[in-house]
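One is the number of the first residue; the rest follow in order along the sequence.
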Amino acid sequence: MDKRGIRIAIDRGGTFTDCVGNPGTGQLKDDVIIKLLSVDPANYDDAPLEGIRRLLEIFTKKEIKRGEQIDTSQIESIRMGTTVATNALLERKGERCALVTTEGFKDCLVIGNQSRPKIFDLAIHKPDVLYQDVIEIRERVTLEDFAEHPDRLTTDVKAQNDPNLVQGLSGEAVRILERPDPKEIREKLQGLYENGYRSIAVCLLHSYTFPDHEKLVGEIAEEIGFSHISLSSQLMPMIKLIPRATSATADAYLTPEIRRYVAGFEKGFKGGLGAANVMEKGAGSAARCEFMQSDGGLVDVANFSGLRAILSGPAGGVVGYALTSYDPETDIPVIGFDMGGTSTDVSRFGGRYEHVFETTTAGVTIQSPQLDINTVAAGGGSRLFWKNGLFVVGPESAGAHPGPACYRKGGPLTVTDANLFLGRLLPEFFPAIFGEDEKQQLDRKASEKLFEELTKEINEELKANGTDNQMTPDEVAYGFIKIANESMTRPIRSLTEAKGFDTSTHRLATFGGAGGQHAVAIAQSLGIKQILIHRYSSVLSAYGMALADVVQEVQEPSSAVFSEEAKPGLVERLQQLKQKAAEDLTKQGFAEKDIVYELYLNMRYRGTESALMVIEPESSEYNGEKWAFGEAFIKQHEQEFGFTLPDRDIIVDDVRVRGIGKSPRATSKTVDQQLKELEQKKSGKQTFVDKSRAVFTRQVYFEGGRRETPVYRIPDLAVGDDIQGPAILADDTQTIVVVPEARAEILETHVVINIGDRDGFAKKVNAQTVDPIMLSIFAHRFMAIAEQMGRALQKTSVSTNVKERLDYSCALFDADGGLVANAPHLPVHLGSMSTCVRTQAKMWEGKLKRGDVLVSNHPDFGGTHLPDITVITPAFNGDKIIFYVASRAHHADIGGILPGSMPPHSKELYQEGAAIKSEKLVSEGRFNEERITQLLLDEPAQHPGCSGTRCLADNINDLKAQVAANQKGINLISSLIEDYGEDVVQFYMINIQNNAEMSVKKLLKDISKRFAGKELTAEDFMDNGSRIHLKIDIDAEKGEAVFDFEGTGPEMYGNMNAPEAVTYSAIIYCLRCLISEEIPLNQGCLKPIHVKIPKGSFLSPSPGAAVVGGNVLTSQRVTDVILNAFQVCAASQGDCNNLTFGYGGNQEGKGHVKGFGYYETIAGGSGAGPSWEGSSGVHTHMTNTRITDAEVFERRYPVILREFSIREGSGGDGMHKGGDGVIRDIEFRIPVQVSILSERRVYRPYGMAGGNAAKCGMNLWKRKVVSHDGKVDERTINLGGKNTASMQPGERIIIQTPGGGGYGKPGTVNGDARVKKIDPKHAWRGGSLASRLATQETSV
């Protein structure tokens, strides 16, 4: 062995720390693996240090005492992944820090994107912010031009000769509105310093392109003596205030914690660690020390920051499987499946690491390059429940303490218990660390006892519901395994299919403690034929660090239009960034020959916000053309989103270089090379390992029953051995289950499992009796289909409304139009889409053909309000329609009297835009663009004072996206029918509705007991005095209820009328909130409910009545009335605060004026309840759409957002305080028509149980008026709740939204009420799916 050269790689996880050491040969056979507890204070202070000590003892054959400093002279490198940052984030134990931001935005992170995490949770729990204090600086810049300008005008800064107009780093013209005062900054920062703050985060508006003001704050903070200063413009110069501010805060919160840890770690060594020490003292004295970052690259210990450390451990696993399981020759992409105790990480590798730039971890949305790792709340410790006739796995976890039932600590049933009980997990191969003496094996009897008790409970319930089928404990345990597998395959499908890939073309690389027990079933479900399990699969994260490269990322913003003329400038910028990366890597000791570069442009089509990070294509890819970024972007856009926009400019948002210092690696053969060699050796003959070589046999449960199964020790098997399933392969760290129809092959580096065709299992499902396991699986499948339709719609849409604000819903329906599954994107769409589908199905009965697609938005035909356009596609078997799929999306403009198609003063339906009763959007596969153009553009303009749509191209693109989303749903159900048969799928479509009906009946019976003898009534008033009255009568015996709205006011001569479908949506939403458990949301929910709405009331208006406000305002008031009747919680803001502005159109048949329309809904306060405080600045009840980020808002539109903050004191006081509303102050830079449609400006949101009412909202117009002496005065004018005004440059609208009511008498205390409920999913890491999942909640 060389005098030096020992290489050590360590992954410090939550439970175990894995260490892989190599004496310097780089050969796999010389590696030494050590696994030790991450926390063991009785024996050592720091697990990685202890691991290094033990490895050095083995390699040097010398004793090293604990506590003795470790000599680095024989160590070449130490590489580490650590959970220090992740744990500090999860446990909220980071550094005390403060945020410095622009005046008017102190609450920007409290409000976030204004959506709530779980739409059916009345007790809204938004993640806490990471800072303890915030100061505002009086400074302001904005962008001079706006992207939505019809003529795309851009300002030439040099030609203007204006000192307040400068060119930003992105190339955009930046206007300085107010320069900061250094004296004010110093005073405010000094105040923070005197209060004990030493770490600050600075994020000012538009600092990504104009960082000067942030730099000034940073310089002053440094002079004062702050020890850590995080400037957002340096950390991640990308547009979007909220993610950049969160990232800066996360860095200020976590980096000091990381620094403390690193300093303590370094004290354990003599000789020094890190590149600087190696350069100074020489390699024979100091050792390189690098930490794994979230992006899969290593960074020198001196540059390791908290912001980039969050996915440190999981990133190592991705690098590990990417470098050991992917072969560039065969180019078969790999899905990584890392199943641990509490969660499962899913990722993909197809030759390049897939990065995302905005992800959510522990409730914190961070802007930083991270590997696209998606986390599912299903792991070995996930708990098992029988709820409402369905098998449910997680998201709650048993944790490490008490752990699963079999851990001998009295824990609950978990996935681990199911595997143990079924013989798929072997106590003999599991560490004996349980019991009081910590020397006992897993306790199978504890698992068995709980499964027997649960089986008894299930059988009793099945019998009570008239089902003769009785289940065995084996069937119950196996049922839970199948449901766990189903919940894990959903995100894998989403991850791959959302990017346009087919799962069945991949391999599955499994690692992590529990992966081997589930891998085959997961692969079968995904259509994957081959599974790869590395020899080091249980320590693959550490092994990945040993193989990883050192990475230096450099990025700058841009706003260039990609063109031949712009190419040279972009190339020059990339070369400059390359130079920067090279300098940094050279300082770390890398020779130029060992550095490679990846060059990226972050590109998007003009007018969209979905940018794609495009890597420089190989010159061979596009006919030898160099720098073919444009062609590569178009190809990637087509693959990922399914369309291109050839008539639009391509914008470059960011220029990025990833410099990679290559690590020396031993060259081992790839999996494919090994397989090829074995095939040649065996020359086509296959002989399976004799069962006599098994260490023992076990009765293991597989589909259909238990089988005698041989158990083999992996170290006893030789390279080339073939094992026919059923079999179990195990060693001290992993257990691999090989099912009967699969076979395992042993390679030098991997165990490969090849999966044969399934033995007809799917066809065995019968359609006569309900199998609760299959019912649970179909509940998952139906919901997954609706979700995937939603993802397809979001992907392929163009408008901000659908793509960014997520204002849409997708659902699937049975042959009668009854709702089967609705991915609950927006509650207001829940029950109302079914009304529309049923109406259209009846109208077109017998007239539709394969390839036809219907479109409708008319309230008399099942619509809610006109901007919500529904697209319906029937699915055929022969000539028979067997089901329908539908998608509904809010279109930003469809014509009418005002831009945005949400006029506050409409009196007739035609004033609100295009009204489509029922049309074929697609006829036998042909898109009827001519007819839809007539309906949207020409026909609305025939009415007095009206225009056609002001954004026809977006309408047509979004309608095509809706058609594509529906087709996605049909394809998915067709493959479900292929697997199970049409009769089985139809059978479970009906039974899933019956299951929801049963859940609602159970709820109603419980409520009737709670309110025994009390009358359930409530009433409230709209701001114009119109009354909503509700009386609920519950039949306790049948579990049915009558919702009677008799006494509700008459139809209005205005637009607050709500079609009946809206009331049905409100009822379904409220029932789901009351059940407070995840049940399938479908037609069954309404079966026990009989709704009486007086005809001619404003909840059942006549044909032609204006309804645009009914969907967004009346629906909220109906919800408050229902929840009041059940005495659940105080009123929330009862409002969506709909703001629209814009100009242009083709009013009354005149020539078309180019323009734009913008629409947003604004958050308020939520109502408090018996055990919770209200939440501030959040969307409530019937909507959950996001707000456009402040910087994107100003880049796209001619506005300055002066303030977006919490309206302090607007929530009602009480034992539990109601949430506060917000203040949104917008200044306009050009003349526009501005409209506000809002409620609760007269009647206050009520309190409950003695709690106070909240404050009403208010809409103010800051109007500039020229007085008789020529002076310009600013007047404050109250616009009332519903109004429209032509606003001039410099004028503002200030919207103050209502709060939520208080609960309980102010001053009283409820002992347990202030305990915060922890969302079981709070620790989720988020990948590319997280941003979507953050605003929706799956219902199964």
Worked verdict on Leu89 versus Ile310 for side chain to side chain contact (heavy atoms under 4.5 Å, CB included) = CA-CA 8 Å; Leu89 202 55; Ile310 291 165; 4.0 Å; yes
Stepwise side chain to side chain donor-acceptor pair (under 3.5 Å) check, Thr1161 with Thr1185 | CA-CA 7 Å; Thr1161 58; Thr1185 53; 2.8 Å; yes
Side chain to side chain contact (heavy atoms under 4.5 Å, CB included) evaluation trace for Phe357 with Arg656 = CA-CA 12 Å; Phe357 290 82; Arg656 172 184 170 221; 3.2 Å; yes
How far apart are the C-alpha atoms of Arg1195 and Asp653, what are their side-chain angles, what is the distance that settles it, and do they pass the salt bridge (charged side-chain N to carboxylate O under 4.0 Å, His left out) test?
-> CA-CA 12 Å; Arg1195 177 162 78 176; Asp653 274 341; 3.4 Å; yes
Decide yes or no on side chain to side chain donor-acceptor pair (under 3.5 Å) for Glu136 and Thr102, but give the supporting numbers first.
-> CA-CA 5 Å; Glu136 292 183 315; Thr102 303; over 6 Å; no
Test Arg308 against Glu553 for side chain to side chain contact (heavy atoms under 4.5 Å, CB included), laying out the working first.
-> CA-CA 11 Å; Arg308 299 204 165 186; Glu553 284 258 2; 3.6 Å; yes
Stepwise, does the salt bridge (charged side-chain N to carboxylate O under 4.0 Å, His left out) test hold for Arg1292 with Glu1203?
-> CA-CA 11 Å; Arg1292 290 148 56 204; Glu1203 180 180 359; over 6 Å; no
Output, in order, the C-alpha distance, side-chain angles, deciding distance and verdict of side chain to side chain contact (heavy atoms under 4.5 Å, CB included) for Asp212 and Val166.
-> CA-CA 11 Å; Asp212 301 33; Val166 295; over 6 Å; no
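In this structure, the side chains of Ile137 and Thr101 stay at 4.5 Å or more apart for every pair of heavy atoms. Contact annotation: the side chain of His228 never approaches that of Ile200 to less than 4.5 Å [non-hydrogen atoms, C-beta and beyond]. Side-chain contact between His355 and Asp295 is present, with heavy atoms from C-beta onward closer than 4.5 Å. Using a 4.5 Å heavy-atom threshold, the side chains of Thr255 and Leu307 count as separate. At a threshold of 4.5 Å between non-hydrogen side-chain atoms, the residues Leu1260 and Ile1293 do not count as touching. Using a 4.5 Å heavy-atom threshold, the side chains of Met238 and Pro557 count as separate. Leu311 is not listed as a side-chain neighbour of Gln293, based on a closest heavy-atom distance of 4.5 Å or more. Considering only heavy atoms from C-beta on, Gln1133 comes within 4.5 Å of Asp1135 through its side chain.
In this structure, CE in Met80 is found 7.0 Å from SG in Cys289, a value given to the nearest 0.5 Å. In this structure, CD in Glu214 is found 12.0 Å from CD1 in Ile229, a value given to the nearest 0.5 Å. Rounding to the nearest 0.5 angstrom, the gap separating the CZ atom in Arg12 from the CZ atom in Phe265 is 11.5 Å. Here Ile258 contributes atom CD1 and Thr82 contributes atom OG1; the two are 6.0 Å apart, rounded to the nearest 0.5 Å. How far CD of Gln555 is from CG of Asp654: 4.5 Å, rounded to the nearest 0.5 Å.
Side-chain atoms of Arg1244 come within 3.5 Å of backbone atoms of Ala1254 as a donor-acceptor pair (strictly under, hydrogens ignored). In this structure, the side chain of Gln132 engages the main chain of Cys97 through a donor-acceptor pair within 3.5 Å. Remark: side-chain polar atoms of Ser1132 are not paired, donor with acceptor, to backbone N or O of Thr1180 under 3.5 angstrom. Of the possible polar contacts, none joining the His1179 side chain to the Arg1186 backbone as a donor-acceptor pair under 3.5 Å is found. Of the possible polar contacts, none joining the Arg179 side chain to the Ile176 backbone as a donor-acceptor pair under 3.5 Å is found. Checking side-chain atoms of Asp46 against main-chain N and O of Leu49 turns up a donor-acceptor pair under 3.5 Å. In this structure, Ser312 contributes its side chain and Ser294 its backbone to no donor-acceptor pair below 3.5 Å. Thr1297 places a side-chain N or O within donor-acceptor distance of the main-chain N or O of Ala1163, the cut-off being under 3.5 Å. Under the 3.5 Å distance criterion, the side-chain polar atoms of Glu172 are left unmatched by any main-chain donor or acceptor of Thr209. A donor-acceptor pair under 3.5 Å is formed between the side chain of Asn1137 and the backbone N or O of Ile1162.
Relative ring orientation between Phe226 and Tyr193 is described as perpendicular, the plane-to-plane angle rising above 60° on a 0-90° scale split at 30° and 60°.
The shortest heavy-atom contact between Cys1129 and Gly1169 is CB-CA, 4.2 Å. Taking every heavy atom of both residues into account, Val364 and Arg92 meet most closely at CG2-NH2, 3.8 Å. Listed here is the closest heavy atom pair of Tyr208 and Pro237: CB-C, 3.7 Å. Summarising the geometry of Lys587 relative to Ala275, their closest heavy-atom pair is O-CB, 4.5 Å, with the distance given to 0.1 Å. Across every non-hydrogen atom of Ala85 and Leu254, the tightest pair is O-CD2, 3.5 Å. Minimum heavy-atom separation, Ala250 to Ile366: CB-CD1, 4.2 Å.
Annotation: cation-pi geometry satisfied between Arg1224 and Phe1193 (NZ/CZ under 6.0 angstrom from ring centroid, within 45° of ring axis).
Between Glu556 and Lys580, at least one side-chain N (NZ, or NE/NH1/NH2) sits under 4.0 Å from a carboxylate O, which counts as a salt bridge. Under the 4.0 Å criterion applied to side-chain N and carboxylate O atoms, Glu1173 and Lys1217 are not assigned as salt-bridge partners. Checked for salt-bridge contact, Glu222 and Lys215 miss the test: no charged N lies under 4.0 Å from a carboxylate O. Note on Arg138 versus Glu184: no salt bridge recorded, every NZ/NE/NH1/NH2 to OD/OE distance being 4.0 Å or above. Under the 4.0 Å criterion applied to side-chain N and carboxylate O atoms, Arg1207 and Asp1220 are not assigned as salt-bridge partners. The residues Glu223 and Arg186 are annotated as salt-bridged, a charged nitrogen and a carboxylate oxygen being separated by less than 4.0 angstrom. For Glu1194 and Arg140, the salt-bridge test passes: some basic side-chain N is under 4.0 Å from an acidic carboxylate O.
Of the listed residues (Glu1191, Arg244, His213), just one forms a side chain to side chain donor-acceptor pair (under 3.5 Å) with Ser207, and that residue is Arg244. Only one option out of Ser230, Ser232, Ser368 pairs with Asp251 in a side chain to side chain donor-acceptor pair (under 3.5 Å); it is Ser230.
Here Glu95 pairs with Ser199, Pro256, Arg260 under the side-chain contact (heavy atoms from CB on, under 4.5 Å) rule; sequence neighbours left out. A search for ring-ring contact (aromatic ring centres under 6.0 Å, His included) contacts involving Tyr197 returns nothing, not counting sequence neighbours.
Other residues, nucleotides and ligands contribute at most 12 non-hydrogen atoms within 6.0 Å of the CG atom of Asp45.
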Do any side-chain atoms of residues 103-112 form donor-acceptor pairs under 3.5 angstrom with protein atoms, and if so which ones, sequence neighbours left out?
{"unit_1": "Asp107", "atom_1": "OD2", "unit_2": "Ile1206", "atom_2": "N", "d": "2.8"}

